**Student:** 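Dropping a structure here in C-alpha cells format, bear with me for questions.
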Number of protein chains: 2
Amino acid sequence: MKDIFKISISRVTLRRLADYLCILLQLPVERFKQISSAQFAKIIGSKPSRVRQDFHYFGGFGKPGHPYDVGILLSELKQVFGLDDRIGILIVGATPAAEMLLNNSMLKTLNIHIAGIVDFNRRKIDKDFHGHKIRAPKDVPALKADNNIKIGVITCEEPEPAVKLLVENNIRGIWNLSPRHVSAPKGFHIRYENITGGLLHLLYDLIEL
Amino acid sequence: MKDIFKISISRVTLRRLADYLCILLQLPVERFKQISSAQFAKIIGSKPSRVRQDFHYFGGFGKPGHPYDVGILLSELKQVFGLDDRIGILIVGATPAAEMLLNNSMLKTLNIHIAGIVDFNRRKIDKDFHGHKIRAPKDVPALKADNNIKIGVITCEEPEPAVKLLVENNIRGIWNLSPRHVSAPKGFHIRYENITGGLLHLLYDLIEL
DNA sequence: TAGATTGTTAATCGATTAACAATC
DNA sequence: TAGATTGTTAATCGATTAACAATC
C-alpha cells in the first residue's frame, strides 16, 4: 500500500479484495507460500489481469518477475480493511443470525471479535446465549469503551430501534441483516445485506429456455 | 415480461431486481397500491432512471403516465425469478446458518420452503432440529421427488461432501454459505456467498484520512 | 385535454481486458 | 543472463444517467 491518500475504489473491486483476503486465509499455508495472479484468478473464477488491476489501485502488492508472497499479500490486504487493530462488533438481537456470527470461523481469523450481544426484550437480558450474556441497551456505552466497537450488526426483524441505539452510541458502521431498509444520519455507514438476494439470483440462473 | 427469450442480464441488475422484489414485499400494502420509479429509487438509494432501465430489460412493468401498480410489479418480479411454482430448498448441514434460514421470514413470503435438512454426522441424523427432523444423505432422492427442490444450501464448514451429494442428486443450484470456494460440473450453478465480505466492505468505509 | 410518469435512446462514465514494458 | 510474472497503460466493453418522446 504505497498511497497515503484514500483513493476512490469501486464497490466491486473492494468486494473482490475481501474475497481475495478470505481465500488466502483458507489456503493451506504449507503448500502456498507464493501465489500468482493466474492461480488466484483460477480459484476465484476471474482473470489474472483483473486480479492485478485490483491490486494496482493500491500500488500493487508484488514485485515484477515473481508471484505474490502470500504472507505479504495477507498483511497488505488486512491493512486495506483496517484489520491491524483488533476490531469489535456489537450484535443487536439474540437471534439465529447472531448465533451464526458467533459460529463464524472467518471472523476469528480476521481478528474481529464479538464484543457483545444486546437485546431489547427484557426477558432475554442477562440470560445466556451460546456462552455470551445477553446485555441491555443501557450497557452499550460501557461495552463500547472497552472493545473498540466499530460496527453494529442488526439481526432482529425490526431495524429501527437497533439503528437508534447504534446512532446514540456513535457506532458508525451499521451492518443491516434485517429484511427492511433503514436510514441513518450523515457520517454513519449502512450496509443492507439481503441474504435472499443471492438465492434469488441463483433461481434466475436455473431458469432455462 | 414481454420477451420470451432469456436475454443476458447483468449480475448487478439481477441483484437489484431481487432487492426491488424484497422491498415490495416489505411495503405496507394498504398505503402503497402504486409506486413510482422516483419513490422506489429513494427507498433503495438509487436513481429513477436506473430503476426504469432495470425494468426495461424485461420490457418494462408499467404504463406511461402512471406509477407502477404494486400488485402487477410483484407478480412480474416473481415471474422473473421463477417463483410462480413453489420452490423447495435442501439444507446441507444442521448448523446455526441453517437455523437462520429456518427463521427467515422472507423465504416464506417468497413461497420458498425448506424441504429438508441433511447432515453427514450420523449422531445428528433423525434428531430434531428446530422442528425439522435431520435427514441422512441417502434420503435426498425421496425428498427431491416430493418437494421440487431446485437449490441446495451448503451451511457446513467443509463444502466438498455437500457438493458431491448435491451433484449426485442433480440439484443444479448450489448456494455455498461455507467459507471455501468449490467447483461443480458444467450445468450446475454455484454461488459463493461470502457473508464476511459485506462486513469488510463496511470496515473499509469507516477508515478515514 | 393536460399532467404525470413511463419507455427508450444515446451520451457519459466506469470497469474489464489484453498487451507489453518493466524488472526481479 | 534468461525467464517469469508483475505493474501499468490504453482499447474495449458494459453500466449508468439524463433527456425526451410516447402515452395513459
Side-chain angles (χ1 to χ4, degrees), chain A residues 1-3 5-20 24 32-77 80 197 201 204, chain B residues 1-3 5-20 24 32-77 80 197 201 204:
Chain A
M1 206 150 57
K2 284 160 195 158
D3 258 329
F5 302 99
K6 189 175 175 187
I7 353 135
S8 174
I9 305 289
S10 80
R11 296 189 86 72
V12 277
T13 290
L14 227 25
R15 191 55 202 241
R16 280 194 301 262
L17 288 168
D19 283 346
Y20 299 148
L24 286 178
F32 285 92
K33 294 230 175 298
Q34 297 190 311
I35 187 167
S36 69
S37 55
Q39 286 176 292
F40 230 133
K42 197 172 178 195
I43 296 172
I44 206 171
S46 183
K47 301 239 165 153
S49 58
R50 184 152 66 173
V51 172
R52 294 202 301 276
Q53 182 63 286
D54 285 338
F55 294 171
H56 180 58
Y57 291 115
F58 294 86
F61 298 143
K63 300 246 178 294
H66 300 281
Y68 298 100
D69 180 286
V70 171
I72 293 172
L73 210 44
L74 268 173
S75 131
E76 295 276 16
L77 286 171
V80 164
H201 196 304
Y204 177 85
Chain B
M1 207 149 54
K2 284 160 196 157
D3 257 331
F5 303 99
K6 187 175 176 189
I7 351 134
S8 174
I9 306 289
S10 80
R11 296 190 85 74
V12 278
T13 291
L14 226 25
R15 191 56 200 239
R16 280 195 301 264
L17 288 168
D19 283 346
Y20 300 148
L24 286 177
F32 286 92
K33 294 232 176 294
Q34 296 190 312
I35 188 166
S36 69
S37 55
Q39 288 175 292
F40 231 134
K42 198 173 176 192
I43 296 172
I44 206 170
S46 183
K47 302 239 164 151
S49 57
R50 185 153 64 173
V51 173
R52 295 203 299 277
Q53 182 63 285
D54 284 338
F55 294 171
H56 179 59
Y57 292 114
F58 293 87
F61 299 142
K63 299 247 176 292
H66 301 281
Y68 298 98
D69 179 285
V70 171
I72 293 172
L73 210 43
L74 268 173
S75 128
E76 294 276 18
L77 285 170
V80 163
H201 197 302
Y204 177 84

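Owing to the predicted nature of the structure, the values given are computational and were not obtained by experimental measurement. By convention in this document, chain letters (A, B, ...) are assigned in the order of the sequence lines, proteins followed by strands, and residues within each chain are numbered from 1.
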**Student:** Counting only side-chain heavy atoms from C-beta out, which of dT9(C), dT5(C), dC20(D) sits nearest to Pro67(B)?
**Tutor:** dT5(C)
**Student:** Which pair of heavy atoms, one from Phe32(A) and one from Val70(A), lies closest together, and at what distance?
**Tutor:** O-CG2, 3.4 Å
**Student:** Taking N and O atoms by type only, does the side chain of Gln53(B) place a donor or acceptor under 3.5 Å from a partner on the base of dT8(C)?
**Tutor:** no
**Student:** For dT5(C), take OP1 and OP2 only and decide whether either is under 4.0 Å from a side-chain N or O of Lys63(B).
**Tutor:** no
**Student:** State the pairing partner of dT8(C); accept Watson-Crick or G-U wobble contacts with both distances under 3.5 Å, and report none otherwise.
**Tutor:** dA19(D)
**Student:** Using a heavy-atom cut-off of under 4.0 Å over every strand shown, decide if Tyr68(A) touches base, sugar-phosphate, or nothing.
**Tutor:** sugar-phosphate
**Student:** Please tell me which of Gly65(A) and Ser49(B) maps to the more 5' nucleotide of DNA chain C, matching each residue to the nucleotide holding its nearest heavy atom.
**Tutor:** Ser49(B)
**Student:** Picking from dA15(D), dG7(C), dT16(C), which would you name as closest to the side chain of Pro64(B)?
**Tutor:** dG7(C)
**Student:** Atom CZ in Phe55(A), atom CZ in Phe40(A): separation rounded to 0.5 Å?
**Tutor:** 5.0 Å
**Student:** Considering every strand and a 4.0 Å limit on heavy-atom distances, what is the contact class for Arg11(A): base, sugar-phosphate, or nothing?
**Tutor:** nothing
**Student:** Paired with dC24(C): which nucleotide, if any, by Watson-Crick or G-U wobble criteria at under 3.5 Å for both distances?
**Tutor:** dG3(D)
**Student:** What is the pairing partner of dC13(C), taking Watson-Crick or G-U wobble pairs with both distances under 3.5 Å in any strand?
**Tutor:** dG14(D)
